[in-house]
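This is a predicted model, so every value here is computed, not measured.
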Amino acid sequence: MIREISGGKSLQLLKGDITKVPVDAIVNAANKELAGGGGVDGAIHAAGGPSLMQELDSIRASRGGCPVGSAVVTAAGTLPARFVFHAVGPIWQGGTHGEPELLASAYRACLKLADEKAVDYLSFPSISTGAFGYPVDQASSIAIHEVIQHLSRPDSRVRKVLFVLFDDRTMKAWSESLRILVPA
């Protein structure tokens, strides 16, 4: 499912494996310790090779991790990309602990990194909706809104954003949010 946003910029949903899609930058749903984990984080580290963790070790040594709502960048190792943006989304606590703003901030941090690194084509997973328990329908609306806002800016270098979604349930929720926010 593809939607044109503004000035030739587009947003697309794809069910698949984010580690297999060639893009300029892949977003990883990381934890604040930048210590690797399961789910998409584990898959990206496995596909990207040990150089990702080596760079994250250096970042941890200098910064101590990555705050929730932020992102850091590494090279992509053996992934089909130039960069990995390791974004830290919130753990769902019922929605009353600033989770929506923290999730939006994580997406904005990646989009800002994309502009800084001259990324034209960026892929995102569904941040925080796996082990962190964020409701997929709410997370998808926040993410799509942030991407639309960014792509609508004339100074955005990003031309195409691809959300690579893991399963049918997630794809359905994201498709519904996209249909509502960007009607065909």
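Placement of V27 and F132 in two distinct hydrophobic clusters is found when ILVMFWY residues are connected by side-chain heavy-atom separations under 4.5 Å, directly or transitively. Under the 4.5 Å side-chain contact rule for hydrophobic residues, F83 and V158 share a cluster. Linking Ile, Leu, Val, Met, Phe, Trp and Tyr residues whenever their side-chain heavy atoms come within less than 4.5 Å leaves L34 and V68 in two separate clusters. Taking hydrophobic clusters as Ile, Leu, Val, Met, Phe, Trp and Tyr residues chained together by side-chain heavy-atom distances below 4.5 Å, W174 shares a cluster with I148. L13 is connected to L181 through a chain of hydrophobic side-chain contacts under 4.5 Å among Ile, Leu, Val, Met, Phe, Trp and Tyr, so both are in one cluster.
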(message) For K172 and E176: C-alpha separation, side-chain torsions, deciding distance, then whether salt bridge (charged side-chain N to carboxylate O under 4.0 Å, His left out) applies.
(response) CA-CA 6 Å; K172 182 177 178 184; E176 181 62 16; over 6 Å; no

(request) Decide yes or no on salt bridge (charged side-chain N to carboxylate O under 4.0 Å, His left out) for R157 and D24, but give the supporting numbers first. (result) CA-CA 12 Å; R157 299 201 48 150; D24 295 324; over 6 Å; no

(request) Using the side-chain contact (heavy atoms from CB on, under 4.5 Å) rule, take F163 and V147 through it: C-alpha gap first, then chi angles, then the decisive distance, then the call. (result) CA-CA 10 Å; F163 287 100; V147 167; 3.6 Å; yes

(request) Begin from the C-alpha positions of L103 and Y134 and carry the test side-chain contact (heavy atoms from CB on, under 4.5 Å) through to its verdict. (result) CA-CA 9 Å; L103 184 61; Y134 209 112; 3.9 Å; yes

(message) Would L56 and M53 count as a side-chain contact (heavy atoms from CB on, under 4.5 Å) here? Give the steps.
(response) CA-CA 5 Å; L56 290 174; M53 190 54 74; 4.3 Å; yes

(request) Walk me through it: do S10 and V161 pass the test side-chain contact (heavy atoms from CB on, under 4.5 Å)? (result) CA-CA 6 Å; S10 66; V161 172; over 6 Å; no

(request) With salt bridge (charged side-chain N to carboxylate O under 4.0 Å, His left out) as the test, would you mind laying out the steps for K160 and D120 before giving the verdict? (result) CA-CA 6 Å; K160 184 174 182 180; D120 290 322; over 6 Å; no

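A distance-only check finds a donor-acceptor pair linking the side chain of K9 to the backbone of R153 [under 3.5 Å]. A donor-acceptor pair under 3.5 Å is formed between the side chain of R3 and the backbone N or O of V182. Put simply, the side chain of Y107 gets close to the backbone of I127: a donor and an acceptor are under 3.5 Å apart. Judged purely by atom type and a 3.5 angstrom limit, D167 has no side-chain atom pairing as donor or acceptor with the backbone of M171. Remark: the backbone N or O of H97 is paired with a side-chain donor or acceptor of E99 at under 3.5 angstrom. Between the side chain of E146 and the backbone N or O of I142 there is no donor-acceptor pair closer than 3.5 Å. Between the S123 side chain and the V164 main chain, no donor and acceptor come within less than 3.5 Å of each other. In this structure, the side chain of R108 does not engage the main chain of G69 through any donor-acceptor pair within 3.5 Å. Of the possible donor and acceptor atoms, one in the side chain of S62 sits under 3.5 Å from a partner among the backbone N and O of I59. A donor-acceptor pair under 3.5 Å is formed between the side chain of N31 and the backbone N or O of G36.
Here the CD1 atom belonging to I26 is positioned 9.5 Å from the CG atom belonging to L122, to the nearest 0.5 angstrom. Distance check, rounded to the nearest 0.5 Å: CD1 of I144 to CG of L151 gives 11.5 Å. The structure places OG of S105 at 6.0 Å from CD of E101, a figure rounded to the nearest 0.5 Å. Remark: S175 OG to I180 CD1 distance equals 11.0 Å, nearest 0.5 Å. In this structure, L11 CG and I2 CD1 are separated by 10.0 Å, a value rounded to the nearest 0.5 Å. Here the straight-line distance linking atom CD of Q12 with atom CD1 of I5 works out to 11.5 Å at 0.5 Å rounding.
Residues D41 and H86 have side chains that never bring a donor and an acceptor to within less than 3.5 angstrom of each other. With hydrogens and angles left out, the side-chain atoms of S126 and T170 include no donor and acceptor closer than 3.5 Å. Checking S128 against W92 by side-chain atom types alone, no donor-acceptor pair falls below 3.5 Å.
Summarising the geometry of G49 relative to T78, their closest heavy-atom pair is N-OG1, 3.9 Å, with the distance given to 0.1 Å. Between K32 and V88 the shortest heavy-atom distance is N-CG1, 3.7 Å. Taking every heavy atom of both residues into account, A81 and A76 meet most closely at O-CB, 3.3 Å. Residues F124 and C110 come closest through the heavy atom pair CE2-CB, 3.7 Å. S177 approaches S140 most closely through the heavy-atom pair OG-OG, 2.7 Å. Closest heavy-atom contact between T19 and A43: CG2-O, 3.6 Å.
In this structure, the side chains of L14 and L165 stay at 4.5 Å or more apart for every pair of heavy atoms. Between H150 and D115 there is a side-chain heavy-atom pair separated by less than 4.5 Å.
Counting heavy-atom neighbours within 6.0 Å of R63 CZ, excluding the residue itself, gives a total of 12 or less. For OH of Y121, the number of neighbouring non-hydrogen atoms (other residues, nucleotides, ligands) closer than 6.0 Å is greater than 12.
When each of V73, I44, V72 is checked for a side-chain contact (heavy atoms from CB on, under 4.5 Å) with V84, only I44 meets the rule.
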